[in-house]
Each structure stands twice: as C-alpha cells, then as structure tokens.
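Have a look at the structure below before the remarks.
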Amino acid sequence: MKKLSPALLVCVLFFAACNKMSTSNEVNSASVEKVQTQLMTPAQINAFITKTINEKGEFNWSDASDLMAFSAIMHSPDHIVSVGYKPLNEKNVEERLAKINIHDNKWSAVKAQVILMILQQERLLHPGLKAEDIEVWKEYKLPVIDVRIDNFSTFKMLRNSKLIRYAEPIGYEPGNYDADLDAQVRASLGAGCGGYTGVTNLQEGDDYTTIAPGAKQSWNYSYHNIPAAWALSTGSGIKIMVIDTGLSPDQDNMNNGFNQGYSSGRTLEKIVTLPKTANTNDNCGHGTTMTSTATAPRCTNGNSCGVAYNSSLVVCKAANDVVIDGSEVKGVADAYTYAADDASIKIISLSLGRVTAASQIKDAIMYAYNKGKLMFCAGGTSTDFTSWFGVTFPATLPQVQAITGVKNTATLKACGDCHKGRQIDFVIVMNKTSDNMSPIANAISGNVPTTVGGSSVATATSAGVAALVWAAHPTETREQIIERLTTTASGYPKKNNNFGYGKLNALAAINQ
C-alpha cells in the first residue's frame, strides 16, 4: 500500500476530525461560558505561584492545573500561549534542539497537525477563524508555536496531547496582576526604566579614576582586578551579545564613537527581535547602560570605560523593560537563537528576568547552550512585587551563569536591590557601604557618566570579565573558561548557598 505524505495525512486527519465534530459537538457555547465564569482570580493564581516558589525555589507552569494556567491566559493581554511540539516518538528534544530542523517533513507535519487541532477547537468560538491566523509570530528555529487561545477545551486538549511538550501563558507575571498593588505602583511596573542621565557630582578618586587617554574607570573594577587584567587582555577578538532594551542613538560612545582612544578594530551590530518593533532605539535606558558596562570604549572624552573595551558588540533590543512578559518572551527567545547561529558570538549577557519560567526561552537557551555559547543572566533586581523572591528566571537554569551584586565588604552581603539564592554562580561588587554608590556607566546621552547598580550591571560586568579571559585564551572552550572563572573566584572551592563561588577575579582567571 502506498504511504500518504505527511501533509496529506494531516489533511485526512483534519477532515476526519471535522466530521466527528459535526456529529459530536463536545464543547458548545454554553459550556465555554460556564468555564469563563469559573476562572481563578489573579489573587488565587499569585498565591499558588508564591507557595510553589517558597517550596521549590522556582515556578513552572507545569506545576499549575489546567484551569489555573488557562485562567492566567485569560487574564493576560492577547491570550497568547506558547506551545512546544514534537513528533510522537521523539525523546529528549530539549537536549537536541540545535540539531533539529523544524522544516523537515516529520516536524513540519506535526506542526501542521497541531495547528489544525487548535483550529478545530477555536472555531467553536470563532467560526471564521482560518489556519493561517493561528500562529501569532512565525518561528524558524525552535519547535514552538505562539498562538491565541480563548477556548478552555483547546488548552486542555493541548496539555493532554502526546505531541505537545508544553502549553503555557507567556503574558502573565504576578506583579502585573497583583490586586494589592496600587495604581501608581502598577504603572511603574515597566521596571528598570528612566533616570539614566549624567551624574554631575561624581568624585574623582572615590567614584572613579581617570585613566589614559581620558576615560573614567568605575570604582568597583579594582575589586575584581580588572585594571590589572587590562595589561594582559582588553577583550580583543571576542564578540559579546547584550540582550536588553536596545541602545540610545544619543550616546555617541556606543554608536559612532565606539572605536576611539584605546578601543579600535572592533565591530558594533544592532538588531531587534522584539515583535512589531522597527528599530533598536532604547526607550528605557537600561540597555544602554548594560552595553556600555560590558564594552564602552576606553575613550578620550571623559566618559566611563567598559570592562572589555576592545570586544566587539551585538546589541539586541528584545524587550521594553527589565521584566520579560508577553511578546518579550518571543523577543528574548529569538535573540538567543540568533546569537546561537552566529559563530562569531561567544558570550551572551541578559540582564532581564521574570518570576515565572518561560519554556520558550528555556528552549532558546538550550539551543544556544548546545552551540557552545557562554551565557550570563541576572539573578534578579527587586521591585515592588519581587522583593520576597529569590533568583529570577532564566538565571535559575543550570545552562547559564547566574550573577548578583554585593556590597564592598569583606564578607559577602547582597546589595540593597540584589537577589540571592542557591542558583547564583558569581558576584560582582555593586554598592559602597559608605554612601551606597553604584558603579558608573555611559548615560543615555553625553559624556558625563550615570550611576547604575543591581544584578543587571553585575551581569554585564561578568560578561566583560569573561571576554577578557577568553580573549587571552582564544582556543579554549566554554567549559574551560568557566573553570578559570570558578577556580579563581574568591570563595572557591566552596559554593555559598546565596552567592555562589564569590567575587570574580579577572587577573587570576587569565593567569590561572
């Protein structure tokens, strides 16, 4: 007997399903409306998320019931669901993501089948829905579909299907739906944005040191032997990708002035992966300070100097603020797959995070990990709704190096807005106890530096340190570079329950 092609088989299955639907309408409008009135409240969802995190240290949507996860979908903007799929007999997909071609017949047939499954159920609510309307954003690398779902039966069907690895909301984060927060706090939940302007009262010798040929070296660099390491490496030959809120077009040192002073021969690339976003302009300010911390030039105009001031840079606008939600999940995931497929990118720095885990981002990080990328993620910066929280996702993943900030004390103490926890790998000094001063970085415009701290800057600093080390040992693997960073950190060989292996030491890691 001649075998049916995958595409034809899907069509046969679909028409069979349609015939079944016409004779047995399992879900009618009345039952849908009944489910909608039984949705769990944000307060109930948030209480469960909090309880799970307190017990496990993290929250995955697989921990939630079908009704709870669907309720979160219905409470979030656009009702978008991330659906990871696989052929029936495929196993250990996450470990092989970099080797999977989703355009092969086997994978494309499953995707088509899943889309038709969704279409069948969603048409009960939206009769005019078409198959081409199901996928919200196109995916070219990962076995994932982002879809809008309004029918509870659709969601339950997906979760019960052996073709589905996960189905979860991407737009729900507890702080966005916390009834206990007042309107002013809610309005500020675009956390991490604003205020990145030049600070005019910085004190030389205390807040910075002037170095040739006219740049400012941040006060905290000496705690990690960065200035001493510059005699051996400046990051030349290493390319870093910073995934963040973009880059200010008004900060010349991170644009036309990227090569100046002691910084030369390197490249700057700007990309955008945030859906429905036309340019890489930083409307938040956070991304500009992160990129400059890692790679700002050792300049002549009095601005702050980055850690790896001769490393090349890819700056990616993947989010609008520091909390990853909604379309930003897609933006961050696409940023990781982009970096993974660019062999010249060695290091990826992400100073963004979220409370709930996002499997689509995890897939992208696994994809990049499988391709040898060294990844640094912020352990978490406190806001009005995360002060109780430990390490944020994706710093919770073992495939990344989780970073947080500490005070400039002999014993390790978290900086005021820095998170800590068992997943942390390394720390960077971020706060002076004398005046609570944070490190300096390029402002959104001009040559007067701003000050910025938290685990975000600690992460970008760590990426710069790793670039110095890798530039000094360009033939080594990611694992060898991590070993250098680990065995020369201040706490090695003991790993602290809150601060990992302690403070990074750039010079020692190069010389180890």
Side-chain angles (χ1 to χ4, degrees), residues 137 188-198 239-259 266-297 303-304 306-308 311-339 342 345 347-354 358 361 364 368 375-378 381 383 394 441-447 449-452 454-457 459-461 463-464:
W137 304 300
S188 69
L189 287 177
C193 296
Y196 299 105
T197 55
K239 185 180 288 185
I240 302 171
M241 174 185 258
V242 176
I243 303 171
D244 215 281
T245 61
L247 183 63
S248 171
D250 300 318
Q251 178 44 257
D252 189 66
N253 279 19
M254 299 305 298
N255 288 277
N256 293 334
F258 192 60
N259 283 302
R266 59 192 187 144
T267 61
L268 169 64
E269 180 183 357
K270 295 183 280 187
I271 68 168
V272 57
T273 57
L274 181 63
K276 297 181 180 180
T277 304
N279 58 59
T280 60
N281 291 348
D282 184 9
N283 300 316
C284 172
H286 190 266
T288 301
T289 56
M290 296 309 112
T291 53
S292 68
T293 296
T295 64
N303 215 330
S304 61
V307 176
S311 285
S312 293
L313 170 68
V314 179
V315 55
C316 176
K317 181 172 183 175
N320 289 314
D321 56 25
V322 302
V323 179
I324 307 169
D325 58 9
S327 64
E328 294 168 339
V329 171
K330 172 65 171 171
V332 170
D334 282 357
Y336 275 107
T337 57
Y338 179 95
D342 186 338
I345 296 174
I347 298 168
I348 306 172
S349 179
L350 178 80
S351 294
L352 314 173
R354 56 186 279 134
I361 292 177
M375 295 172 280
F376 294 88
C377 291
T381 300
T383 66
N442 287 188
I444 55 174
S445 64
N447 296 324
T450 189
T451 58
V452 59
S455 64
S456 291
V457 182
T459 302
T461 303

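Because only heavy atoms are used, hydrogens play no part in the values below, and waters and symmetry mates are left out as well, while side chains stay in. What you are looking at is a predicted structure, and each value in this text was computed from that prediction instead of being measured.
In this structure a side-chain-to-backbone donor-acceptor pair under 3.5 Å is missing from Asn281 to Gly246. Not a single donor-acceptor pair under 3.5 Å links the side chain of Glu328 to the backbone N or O of Ala318. Side chain of Ser351 to backbone of Ala378: no donor-acceptor contact under 3.5 angstrom is found. Remark: the backbone N or O of Val315 is not paired with any side-chain donor or acceptor of Glu269 at under 3.5 angstrom.
Taking 4.5 Å as the limit, some side-chain heavy atom of Met290 sits within range of a side-chain heavy atom of Val457. Side-chain contact check for Lys270 versus Cys316: every heavy-atom pair is 4.5 Å or farther apart.
Closest approach of Ala294 and Ala460 over heavy atoms only: CB-O, 3.7 Å. Of all heavy-atom pairs between Asp321 and Cys284, the closest is CA-SG, 4.4 Å. Gly285 approaches Thr245 most closely through the heavy-atom pair N-OG1, 4.3 Å. Nearest heavy atoms, Thr288 versus Thr291: O-OG1, 3.0 Å. When all heavy atoms are compared, the tightest approach of Gly446 to Asn303 is O-ND2, 3.1 Å. Closest of all the heavy-atom pairs between Ala364 and Ala333 is CB-O, 3.3 Å.
Listed by chain and residue number, nothing satisfies the side-chain hydrogen bond (donor to acceptor under 3.5 Å, both in side chains) test with Thr461 (two or more places apart in sequence, or in another chain). The side-chain hydrogen bond (donor to acceptor under 3.5 Å, both in side chains) search around Asn283 returns none, not counting sequence neighbours. In this view, Asp252 and Asn256 satisfy the side chain to side chain contact (heavy atoms under 4.5 Å, CB included) rule, not counting sequence neighbours. Legend: residues meeting salt bridge (Lys or Arg N to Asp or Glu O under 4.0 Å) with Asp282, ordered by chain and number and at least two apart, are absent. Taking Asp244 as the reference, His286 meet the side-chain hydrogen bond (donor to acceptor under 3.5 Å, both in side chains) condition, with sequence neighbours excluded. Annotation: salt bridge (Lys or Arg N to Asp or Glu O under 4.0 Å) contacts of Lys317 (sequence neighbours excluded): none. In terms of the side chain to side chain contact (heavy atoms under 4.5 Å, CB included) criterion, residue partners of Ser327 (sequence neighbours excluded) are, by chain and number, Trp137, Leu274, Pro275. Applying the side chain to side chain contact (heavy atoms under 4.5 Å, CB included) test to Ala339 and every residue at least two apart in sequence or in another chain returns Met241, Ile345, Ile348. Contacts of Ser292 classified as side-chain hydrogen bond (donor to acceptor under 3.5 Å, both in side chains), with partners at least two apart in sequence or in another chain: none. With sequence neighbours excluded, the residues that form a side chain to side chain contact (heavy atoms under 4.5 Å, CB included) with Ile444 are Tyr196, Thr197, Ser248.
Note that the CD1 atom of Ile240 and the CD1 atom of Ile243 stand 12.5 Å from one another [nearest 0.5 Å]. Atom CG of Asn442 and atom CG of Asn447 lie 8.5 Å apart (nearest 0.5 Å). Note that the CG atom of Asn253 and the OG atom of Ser445 stand 11.5 Å from one another [nearest 0.5 Å]. Separating the NZ atom in Lys239 from the CG atom in Leu268 is a distance of 10.0 Å, to the nearest 0.5 Å. Atom CD1 of Ile361 sits about 4.5 Å away from atom CD1 of Ile324, to the nearest 0.5 Å. Here Ile271 contributes atom CD1 and Asn279 contributes atom CG; the two are 13.5 Å apart, rounded to the nearest 0.5 Å.
Among Val332, Val329, Val322, the single residue meeting the side chain to side chain contact (heavy atoms under 4.5 Å, CB included) criterion with Arg354 is Val329.
The closest side-chain donor-acceptor pair between Ser312 and Thr267 falls under 3.5 angstrom.
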